[in-house]
Amino acid sequence: MRYWLMKSEPECYGIDHLAKEPKKITPWDGVRNYQARNMMRDEMKKGDLAFFYHSNANPPGIAGVVEVVKQGYPDHTAFDPTDEHYDPKSDPDNPRWFMVDVKLKQKFKQEISLKELRDNPGLEAMQLLKKGNRLSVMPVEKQHWDVIMNILG
DNA sequence: GCCAACGTTGGC
DNA sequence: GCCAACGTTGGC
């Protein structure tokens with residue numbers, strides 16, 4: 001079982017959107033970055049947990065926890081010319097982009113802001129906190145996961 | 001709105 | 001394969 005962090009802009013799709021889905025499940029579509037794709041396609045497994053991170057938010061931070069309920073499969077929004085994430089180079093017979101389905105496990109009563117994460121001892125090595133980090137899907141080490149869950153008290 | 005840090009594209 | 005130009009991400 002592995003741990004992850006997935007970013008989304010709350011104005012686009014935040015944790016409250018997910019909470020309103022019929023089964024609290026959503027496909028994590030629209031990712032168009034190869035590193036992030038590789039992780040969703042090859043590494044994320046059913047039962048893995050991920051932080052739902054609000055990027056470009058005020059303030060940015062971790063809003064809750066989701067569980068991977070369906071492993072990597074082709075992102076069909078890449079095949080749809082009317083979709084904003086359409087990619088003509090993705091062939092349905094040889095898909096370029098992949099996604100997973102996630103289910104809301106827990107919405108934090110209070111978000112853990114990026115500043116709180118930075119101020120918290122023990123998280124200095126987290127990929128999220130490193131300079132220039134732009135990946136929208138990234139692994140989280142168990143020790144960091146545990147530290148963050150303990151912040152909730 | 002600014003800007004650093006990447007990632008992608010395309011000419012050569 | 002190199003690299004400049006350009007586009008995007010995302011914190012501030």
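So you know, we letter chains A, B, ... as the sequences are listed, proteins then strands, and number each from 1.
One atom, NE2 of A:H85, and another, C1' of C:dG7, lie 16 Å apart when rounded to the nearest Å. Look at CD on A:Q35: it is 14 Å from C1' on C:dT9, rounded to the nearest Å. When rounded to the nearest whole Å, the span between NZ of A:K130 and P of C:dG11 equals 17 Å. Atom pair A:M138:CE and B:dG7:P shows a separation of 12 Å (rounding to whole Å applied). Rounded to a whole Å, the NE2 atom of A:H54 is 12 Å from the P atom of C:dG11. When the P atom of C:dG10 is taken as reference, atom CG of A:N133 falls 7 Å away, rounded to whole Å. One atom, CZ of A:R32, and another, C1' of B:dT8, lie 15 Å apart when rounded to the nearest Å. Distance CD (A:E11) to P (C:dG10): 14 Å, rounded to an integer number of Å.
If you check the side chains of A:R32 and A:T77, you find a donor sitting under 3.5 Å from an acceptor.
Checked by atom type and distance alone, the side chain of A:K7 pairs as donor or acceptor with a backbone atom of A:L135 at under 3.5 Å.
More than 12 heavy-atom neighbours from other residues, nucleotides or ligands sit within 6.0 angstrom of CG on A:D119.
With ring centers used as reference points, A:Y34 lies under 6.0 Å from A:W97.
Side-chain proximity of A:K131 to the nucleotides B:dG7, C:dG11, B:dA5 is greatest for B:dA5. Out of B:dG7, C:dG10, C:dC12, the shortest distance to the side chain of A:R118 is found at C:dC12. Each of C:dG10, C:dC12, B:dG7 was ranked by its minimum atom distance to the side chain of A:N33; first place goes to B:dG7.
Here CZ of A:F108 is found 7.5 Å from CD1 of A:I15. Values are rounded to the nearest 0.5 Å.
An OP1 or OP2 oxygen of C:dG10 is reached within less than 4.0 angstrom by a side-chain nitrogen or oxygen of A:K7. Within the 4.0 Å cut-off from OP1 or OP2 of C:dT9, not a single side-chain nitrogen or oxygen of A:Y53 is found. For the pair A:K89 and B:dT9, the criterion of a side-chain N or O lying under 4.0 Å from OP1 or OP2 is met.
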